[in-house]
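For clarity, every value in this text was computed on a predicted model and none was experimentally measured. Values reported hereafter were calculated over all heavy atoms of this structure, with side chains retained and with hydrogens, waters and symmetry mates removed. Whatever order the structure lists them in is the order used to number ligands and atoms, beginning at 1.
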Amino acid sequence: MSFESLWADQSAIGRDPDTGGYTRGGWTPTEREATHWFLDQCATRGLTVESDGIGNLIAWWGDAEGPGVVTGSHLDSVIDGGAFDGPLGVVSALAAVDALRAEGFVPSVPIGIGAFVEEEGSRFGMPCLGSRVAAGVLPAEKALQLKDRSGVGLGEALEKAGLDPAGVGPSPLLQRMGTFVELHVEQGRGLTAPVGVASSIWPHGRYRFTFNGEANHAGTTLMEDRHDPMLTYAMTALAANKQARLAGARATFGRLSVEPNGTNAVPSRVTAWLDARAADTATLESLLAAITKQATERAERDGTALEVTPESVSPVVDFPAGLRDRLVNVLDGAPVLPTGAGHDAGVFSAAGIPTAMLFVRNPTGVSHSPAEYAEIDDCLAGVDALAAVLKDLAK
Ligand code: HGY
Ligand code: MN
Ligand code: MN
Ligand code: MN
């Protein structure tokens with residue numbers, strides 16, 4: 001099966017006919033459909049699939065029991081996301097293994113294709129949920145406390161997907177992950193060649209800002225009498241934007257909840273989630289401090305109350321230079337670049353697994369949007385690059 005037909009099959013799953021986007025939250029029907037598609041592809045290739053309690057998968061080519069070279073990515077998406085973020089790495093891994101088999105390559109160590117669950121955290125709010133639990137970074141009991149926006153707990157979602165919550169925890173899969181190489185669509189405008197190699201992942205965090213105010217009548221309450229949390233939030237969003245620009249960092253309020261959310265009532269509470277990222281930890285910390293300081297000062301002026309709760313923080317990840325340079329070598333001098341996007345590869349690298357990433361050019365740099373795009377020739381260059389890297393690592 002060619003890359004093109006694999007890609008056409010996989011990217012037809014769950015595509016919204018109106019927006020062209022994908023909403024594949026972890027363990028939801030469309031994400032399960034994509035996962036079952038992947039399992040069918042593995043079965044067709046006679047790969048031996050291993051799964052862990054939370055539903056991460058590694059499909060092995062080669063029947064040795066020992067550690068091997070693993071590639072792959074994730075099949076879930078953000079809400080109304082693009083086709084490439086995640087699935088490109090899984091489909092390219094299938095196509096790369098097909099190409100290596102077709103040329104008669106026999107790996108000296110097993111090659112595994114991984115699909116890791118809920119990387120975006122779009123359902124349960126915790127990015128890289130599957131890989132964090134697998135790596136022991138997020139304890140099972142904390143993971144099982146997570147609920148989605150409709151109040152469904154992780155355990156219930158797992159049971160509905162035919163998984164056993166009692167199996168959630170550090171994953172045996174990682175004992176066989178000798179090396180991990182993730183191919184991913186580039187999510188910015190930094191890559192001008194078809195394929196690049198990652199140098200690092202920026203530190204990033206998600207912080208819940210809760211603005212408590214006083215519900216009141218929209219028509220009769222004088223402006224000077226209000227304690228309006230929406231105003232404090234709005235000034236905080238402006239401050240975040242300004243502080244991020246000053247710091248050369250990134251700050252986004254992309255998710256908001258308003259209570260009671262009525263047109264003719266001053267809100268009692270506004271909850272906003274800040275996604276903040278910076279090139280280094282010190283800058284990220286000072287960015288968060290600056291935003292929090294301005295939000296607190298504004299809250300005092302508005303007579304509202306602010307609570308800031310870190311929900312997830314990911315440290316900077318510098319991929320091991322030796323492995324990085326080995327990929328650059330194999331790829332005849334592919335460009336090396338950092339990324340502001342988080343990845344399962346970052347979790348595995350931070351857990352001490354020798355890890356590298358390949359990026360495939362994204363001509364517009366747009367991502368986490370139905371407009372996310374990569375040229376087919378660059379995708380094919382990515383498959384060739386991944387096959388060459390796997391061959392070098394498993395020769
Ligand atoms: O949010 C991110 O950085 C990644 O795309 N999951
Ligand atoms: Mn993403
Ligand atoms: Mn991704
Ligand atoms: Mn009334």
Using only atom types and a distance under 3.5 Å, with no angle test, would you say the side chain of R176 pairs donor to acceptor with the backbone of E65? yes
Indicate whether the side chain of R45 and that of Q41 have a donor and an acceptor atom separated by less than 3.5 Å. yes
Any side-chain heavy atom of I54 sitting closer than 4.5 Å to one from W27? yes
Test side-chain hydrogen bond (donor to acceptor under 3.5 Å, both in side chains) on S268 and E259; report intermediate values, then the result. CA-CA 6 Å; S268 55; E259 296 164 65; 5.3 Å; no
Under 4.0 Å from ligand 1 - residues by heavy atom, chain and number: D85, E119, E120, Q187, R277, A341, G342, H368
side-chain hydrogen bond (donor to acceptor under 3.5 Å, both in side chains) between E372 and N362: does it pass, once the steps are laid out? CA-CA 8 Å; E372 182 183 74; N362 171 338; 5.4 Å; no
Measure up the H343 and F359 rings against each other and bin them: parallel (under 30°), tilted (30 to 60°), perpendicular (over 60°). tilted
Would you tell me whether N264 and H217 have side-chain atoms, one donor and one acceptor, within less than 3.5 Å of each other? no
With 2.8 Å as the threshold, which protein atoms of type N, O or S lie near the Mn ion (ligand 3)? Leave waters out. H74 NE2, D85 OD1, H184 NE2
Using modelled atom types only, decide if a donor and an acceptor are shared between the side chain of S108 and the backbone of K395 within a distance under 3.5 Å. yes
Hey, what's the ring geometry for F105 with W61, parallel, tilted or perpendicular (30° and 60° as the breaks)? perpendicular
